[in-house]
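As structure tokens, the structure follows; a few thoughts come after it.
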2 protein chains.
Amino acid sequence: MSTSARSPRGQGHLLRTEILETTARLMATVDEAEELSVRAIAEAVGKTVPALYQHFPDKSSLLTAAAEHALNAMGETIDALVAGETDIDRRLRTRAHAFVDFAVAHPVPYRHLFMSRPNPKSPNTIELMMNSVGFSGMVRDLAEAKEVGLMIDEEPTDVAMVFWTAVHGVASLLISHPGLAWPEDLLERVLDQHAYGVVPR
Amino acid sequence: MSTSARSPRGQGHLLRTEILETTARLMATVDEAEELSVRAIAEAVGKTVPALYQHFPDKSSLLTAAAEHALNAMGETIDALVAGETDIDRRLRTRAHAFVDFAVAHPVPYRHLFMSRPNPKSPNTIELMMNSVGFSGMVRDLAEAKEVGLMIDEEPTDVAMVFWTAVHGVASLLISHPGLAWPEDLLERVLDQHAYGVVPR
DNA sequence: ATTGCTAACTTAGCGTCGATAACTTACATG
DNA sequence: CATGTAAGTTATCGACGCTAAGTTAGCAAT
């Protein structure tokens with residue numbers, strides 16, 4: 001087994017970062033996170049399997065941690081996109097689109113984070129999402145919309161959760177069943193229905 | 001290995017039914033369909049592993065076929081519930097509730113059918129759902145709503161897909177993250193938002 | 001009644017996997 | 001220079017999906 005050089009004393013945590021980056025990279029080469037074997041990851045990193053288990057309690061936790069990297073990147077993307085947008089409605093739609101775009105572009109981490117059974121040894125992925133994906137920003141937008149009279153009198157947090165539930169539904173179906181004849185602009189339709197409803201005004 | 005009697009000549013397909021029923025039963029004892037091992041299923045059936053592989057090309061197809069049984073049962077439940085309901089709005093809400101109730105009550109088959117990567121060797125699960133879960137009935141309801149002026153001028157099939165996307169989002173999140181602080185009556189909120197929107201009237 | 005054919009299985013085993021106990025080696029510190 | 005311990009490796013366990021090859025039971029034709 002060809003292994004890379006050992007880290008200097010006290011720098012063992014460097015390996016952790018390398019494991020995460022390598023795993024995140026390998027995720028893009030596969031259809032489902034679980035398809036990655038610990039052995040394959042270890043070989044790509046240049047270490048042996050037990051070396052990985054010194055940094056992560058089990059395979060699932062490793063995959064979750066690697067997927068978080070991608071998630072955080074999405075959070076920053078959304079923040080950047082929304083920063084230049086003053087219109088509240090546009091801001092909310094931008095968030096939704098960025099989220100679905102991320103899911104479709106990175107189905108492996110998305111599926112592992114939001115569509116798999118949560119691993120009790122890993123942090124709760126929904127809380128993760130709320131902290132990293134600008135959920136609080138979304139709540140803020142909705143609160144502002146309510147103040148300006150653009151939203152009905154509901155709790156912004158509740159509306160945000162309902163909103164995100166639907167957006168997740170879109171992402172989830174697009175990922176699980178690509179190539180299916182979804183209505184064109186499914187997301188826009190979902191957003192419109194959430195905004196105006198289907199009962200005639 | 002204690003195996004059961006061999007089927008009479010030409011009745012080998014009897015085993016297939018028994019495998020499916022046993023697998024469906026075992027699914028309720030586990031947190032995820034993939035946790036069931038082919039060996040465990042074979043033992044519960046009272047046959048050996050290769051006997052199972054004469055009826056299903058691989059493990060995933062076996063699990064899918066077993067999950068369909070439960071799905072069809074749900075379809076019949078929905079039909080029965082809806083039959084006695086004349087109000088269109090109530091009928092659509094009944095469908096949604098029955099669907100989510102099924103998902104929460106049978107998370108293992110639901111997850112396998114709608115939240116896993118589709119197996120090319122198995123029938124498309126979304127089409128399965130559309131045929132078995134009263135999707136066409138839902139489209140009919142929406143068309144009727146449109147005729148009576150209860151729904152805006154949109155294609156009923158498209159609206160049904162958007163509608164179902166959101167309902168699936170609810171089911172998916174309730175399953176993947178139970179015990180989380182979802183808004184009480186999350187589904188009712190989703191349905192209301194779809195009906196009336198969040199933009200004040 | 002015996003033989004042959006084939007459906008309905010079983011035996012045995014391959015390669016892979018996640019995980020771990022037990023050992024080794026390099027290095028900072030006294 | 002001795003030594004403790006961080007940072008790894010070696011070797012292995014039990015379970016898994018799957019399959020090639022062998023076996024047995026029952027019906028059909030002679």
Side-chain angles (χ1 to χ4, degrees), chain A residues 1-20 22-23 26-27 29-67 112 116-117 119-122, chain B residues 1-20 22-23 26-27 29-67 112 116-117 119-122:
Chain A
M1 175 137 308
S2 82
T3 61
S4 70
R6 164 197 305 224
S7 285
R9 206 74 190 270
Q11 302 300 320
H13 63 90
L14 289 182
L15 177 56
R16 190 192 147 96
T17 306
E18 203 185 333
I19 294 170
L20 286 180
T22 301
T23 305
L26 287 177
M27 274 192 182
T29 71
V30 107
D31 285 331
E32 195 157 13
E34 287 290 338
E35 282 179 22
L36 288 176
S37 72
V38 177
R39 291 183 217 277
I41 296 171
E43 189 179 4
V45 171
K47 293 282 155 63
T48 60
V49 168
L52 269 62
Y53 278 93
Q54 295 211 326
H55 297 276
F56 304 94
D58 57 19
K59 180 190 180 181
S60 171
S61 299
L62 160 58
L63 294 175
T64 300
H112 184 77
S116 304
R117 241 163 40 83
N119 180 352
K121 292 183 185 174
S122 288
Chain B
M1 176 137 308
S2 82
T3 61
S4 69
R6 159 194 311 219
S7 285
R9 204 72 188 272
Q11 302 301 322
H13 63 91
L14 290 182
L15 178 56
R16 189 191 148 94
T17 306
E18 203 185 334
I19 294 170
L20 285 180
T22 302
T23 304
L26 287 176
M27 274 192 181
T29 71
V30 108
D31 285 330
E32 195 156 12
E34 286 291 337
E35 282 179 21
L36 288 176
S37 73
V38 177
R39 289 172 185 2
I41 296 171
E43 188 179 6
V45 171
K47 293 281 155 65
T48 59
V49 168
L52 269 63
Y53 277 93
Q54 297 215 320
H55 297 277
F56 304 94
D58 57 19
K59 181 189 178 181
S60 172
S61 299
L62 161 57
L63 294 175
T64 299
H112 184 77
S116 304
R117 239 161 42 83
N119 180 352
K121 292 183 184 173
S122 288

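Residue numbering restarts at 1 for every chain, and letters A, B, ... go by the order of the sequence lines.
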- line: When every non-hydrogen atom of D58(B) is compared with those of Y53(B), the smallest separation belongs to CA-CE2, 3.9 Å

task: For E35(A) and dC17(C), give me the distance from atom CD to atom P, rounded to whole Å.
output: 11 Å

task: Return no unless some side-chain N or O of S37(A) is found under 4.0 Å from OP1 or OP2 of dC17(C).
output: yes

query: How long is the line joining CZ of F56(A) and P of dA19(C), in whole Å?
result: 13 Å

message: I'd like to know if K59(A) and E34(A) make a salt bridge, using a cut-off of under 4.0 Å between side-chain N and carboxylate O.
response: yes

statement: Whole-Å distance, R39(A) CZ to dT10(D) P, equals 14 Å

query: Side chains of I19(B) and L15(B): does their closest heavy-atom pair fall under 4.5 Å?
result: yes

- line: Rounded to whole Å, the CD-C1' distance (E43(B) to dT11(C)) equals 16 Å

message: Just the rounded figure in Å: distance from C1' of dC9(C) to CD of Q54(B).
response: 7 Å

- request: Please tell me which of the listed nucleotides, dC17(C), dC18(D), dT10(C), lies nearest to the side chain of K59(A)?
  value: dC17(C)

- prompt: Of the candidate nucleotides dA19(C), dC9(C), dG8(D), which contains the atom at the shortest distance from the side chain of Y53(A)?
  reply: dA19(C)

task: Please determine, for the side chain of T48(B), which listed nucleotide (dT10(C), dC18(D), dT9(D)) has the closest atom?
output: dT10(C)

query: DNA chain D: L36(B) or P50(A), which has the more 5' nearest nucleotide?
result: P50(A)

task: Measure the distance from CG on L52(A) to C1' on dA7(D) and round it to the nearest whole Å.
output: 13 Å

query: Ion pair present between E35(B) and R117(A), side-chain N to carboxylate O less than 4.0 angstrom?
result: yes

message: Could you tell me how far apart I19(A) (CD1) and dA7(D) (P) are, to the nearest whole angstrom?
response: 12 Å

task: To the nearest Å, give me how far apart CG (D58(A)) and P (dG18(C)) are.
output: 11 Å

